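The structure under discussion appears below in the form of structure tokens.
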Amino acid sequence: MSDTQPESRGLGALPVIGALLDPPPTVAVVRLSGVIGAMGGFRRGLSLGSQAGVLQRAFKLRNLKAVALAVNSPGGSPVQSALIAGRIRQLADEKQIPVIAFAEDVAASGGYWLACAADEIYADASSIIGSIGVVSGGFGLQGLIEKLGVERRLHTSGDKKAMLDPFQPEKPAEVKHLKDIQGDIHEAFKDMVRARRGGRLKGAEKDLFSGAFWTGTKAMELGLIDGLGDLRAVMRARYGDKVKLRLVGERRGLFGRLRFGALSDAPAGPDWAGQAVAAIEERLIWNRFGL
């Protein structure tokens, strides 16, 4: 080795200086995991309120080459799904940064809505993908209160204010009203998928938008995703082995860590019933997809 080599290579030959002058490409990783929307009590679902700061910081990383969304969600609120997806697109367009989604166990219903915010979608061969539809459910409890000898007292102003009250028998007109609302939401969902997937969709719309869901392998055949692969492998293949995957998550103060950390799994006080109901509802949403 020549004695002049270090000088000719300059300060960039030093590892620290070299890293500063030629930093490795960075990919921000944002985890979108869980049910979307309010869950009640101390249980938190994904919402724009909880994700706005995370997304803002993700798109500000130095030497950023892409933002990767790690999606693991069975869906939930269509409004929050649209709001989060919309914010992702706003930032991606503003910063001119590509967004790539990776479905984990499930990216279905609202979870697939989130994935569609990306420019490309990858999944595992066994991931659950799709469920492009709208569902609402509840219980009819009028028979129960009769057996218990409970008198229902309900006073309203507005003849439709108590529509779909679970303590009253269902009325056809009220069910039709609900289905009309579901139809509007379904159309918005379909418009989102058409706009984001466009010509990549390969299946018939009557099947794609039926509310059915498929494995990652079948979803790729239908054009709902672009390929099979995990986040690390795909990003290294695209940006090199030195790519830095930077996880960007929520920042929580001490109160937040106490509230949603150590104590979050131990409901106490008068909210325990609400916690239990929220936990059951959350479990039922995941169960729709066999998870």
Side-chain angles (χ1 to χ4, degrees), residues 19-20 22-37 39 43-76 80-81 83-107 110-124 127 129 216 225-262 264-265 286 291:
L20 292 174
D22 185 22
T26 297
V27 172
V29 178
V30 176
R31 295 197 62 81
L32 297 173
S33 182
V35 173
I36 303 166
M39 294 300 298
R43 305 185 74 84
R44 295 204 313 168
L46 293 170
S47 68
L48 180 60
S50 67
Q51 299 303 310
V54 174
L55 295 170
Q56 194 74 31
R57 286 188 287 114
F59 278 91
K60 282 185 175 178
L61 291 184
R62 185 169 176 264
N63 208 33
L64 185 67
K65 300 302 180 187
V67 171
L69 308 175
V71 180
N72 195 15
S73 172
Q80 293 301 326
S81 301
L83 289 173
I84 296 171
R87 183 62 56 87
I88 292 169
R89 288 315 316 161
Q90 291 166 8
L91 290 168
D93 294 342
E94 177 185 330
K95 305 290 184 181
Q96 293 294 295
I97 294 293
V99 179
I100 303 158
F102 294 87
E104 296 185 344
D105 298 299
V106 58
Y112 184 68
W113 196 319
L114 297 182
C116 282
D119 300 292
E120 299 173 51
I121 304 174
Y122 287 82
D124 183 85
S127 298
I129 306 293
I225 66 172
D226 299 285
L228 301 178
D230 67 89
L231 192 155
R232 184 173 182 271
V234 172
M235 292 296 93
R236 291 187 71 169
R238 184 164 304 191
Y239 298 108
D241 292 344
K242 293 183 179 179
V243 63
K244 291 174 62 178
L245 302 177
R246 292 276 304 275
L247 179 64
V248 182
E250 290 184 64
R251 287 174 174 167
R252 294 176 181 170
L254 176 62
F255 177 75
R257 290 195 295 273
L258 289 173
R259 182 181 182 188
F260 299 114
S264 63
D265 296 326
W286 285 97
L291 300 171

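The chain is numbered in sequence order, starting from 1. Keep in mind that what you see is a predicted model, and the values were worked out from it rather than measured.
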To the nearest 0.5 Å, atom CG of Asp124 lies from atom CG of Leu231 at 13.0 Å
Got a second to check how far Glu120's CD is from Ile225's CD1, nearest 0.5 Å?
-> 11.5 Å
About how many Å separate OG of Ser81 and CG of Leu32, when rounded to the nearest 0.5 Å?
-> 10.0 Å
Derivation and outcome, side chain to side chain contact (heavy atoms under 4.5 Å, CB included), residues Tyr112 and Ile129 = CA-CA 7 Å; Tyr112 184 68; Ile129 306 293; 3.8 Å; yes
Using the side chain to side chain contact (heavy atoms under 4.5 Å, CB included) rule, take Leu69 and Val67 through it: C-alpha gap first, then chi angles, then the decisive distance, then the call.
-> CA-CA 7 Å; Leu69 308 175; Val67 171; 4.2 Å; yes
Salt bridge (Lys or Arg N to Asp or Glu O under 4.0 Å) with Arg232: which residues, sequence neighbours excluded?
-> none
Going through the distances and angles, do Phe59 and Val30 end up as a side chain to side chain contact (heavy atoms under 4.5 Å, CB included)?
-> CA-CA 10 Å; Phe59 278 91; Val30 176; over 6 Å; no
Apply salt bridge (Lys or Arg N to Asp or Glu O under 4.0 Å) to Arg57 and list each qualifying residue two or more places apart in sequence or on a separate chain.
-> none
For Pro74 and Gly34, work out which heavy atoms get closest and say how close.
-> CD-O, 3.8 Å
Over all heavy atoms of both residues, which pair between Ala52 and Arg87 is shortest? Give the atoms and the distance, please.
-> CB-NH1, 3.7 Å
Applying side chain to side chain donor-acceptor pair (under 3.5 Å), name anything that partners Gln51, two or more places apart in sequence or on another chain.
-> none
Distance-only, no hydrogens or angles: does the Ser73 side chain make a donor-acceptor pair with backbone N or O of Ser33 under 3.5 Å?
-> no
Closest approach of Ala28 and Val248, non-hydrogen atoms and distance?
-> CB-CG2, 4.3 Å
Report the residues that fulfil side chain to side chain donor-acceptor pair (under 3.5 Å) with Asp226, sequence neighbours left out, ordered by chain and then residue number.
-> Arg197, Arg200
Considering all heavy atoms of both residues, which atom of Gly111 and which atom of Ile36 are nearest to each other, and what is their separation?
-> N-CD1, 3.8 Å
Drop me the distance from Leu114's CG to Gln80's CD, to the nearest 0.5 angstrom.
-> 10.0 Å
Expected output: side-chain Ser127 to main-chain Glu104 donor-acceptor under 3.5 Å = yes
Verdict with reasoning, Ile100 to Arg238, per side chain to side chain contact (heavy atoms under 4.5 Å, CB included) = CA-CA 11 Å; Ile100 303 158; Arg238 184 164 304 191; 3.3 Å; yes
Kindly say whether Asn72 contributes a backbone atom to a donor-acceptor pair with the side chain of Asp105 at under 3.5 angstrom?
-> no
Mark yes or no for whether Asn63, through its side chain, and Pro24, through its backbone, hold a donor-acceptor pair below 3.5 Å.
-> yes
Of the non-hydrogen atoms in Tyr122 and Gly229, which two are nearest, and what is the gap between them?
-> CB-O, 3.9 Å
Kindly compute the distance separating CD (Gln56) from CD (Gln90), expressed to the nearest 0.5 Å.
-> 10.0 Å
Results of side chain to side chain donor-acceptor pair (under 3.5 Å) for Arg246 - residues two or more places apart only | none
Output the distance between atom OG1 (Thr26) and atom CE (Met235), rounded to the nearest 0.5 Å.
-> 13.0 Å
For Gly45 and Ser50, the nearest pair of non-hydrogen atoms, with its separation, is O-OG, 4.1 Å
For Asp119, check salt bridge (Lys or Arg N to Asp or Glu O under 4.0 Å) against everything at least two apart and list the hits.
-> Arg89, Arg196
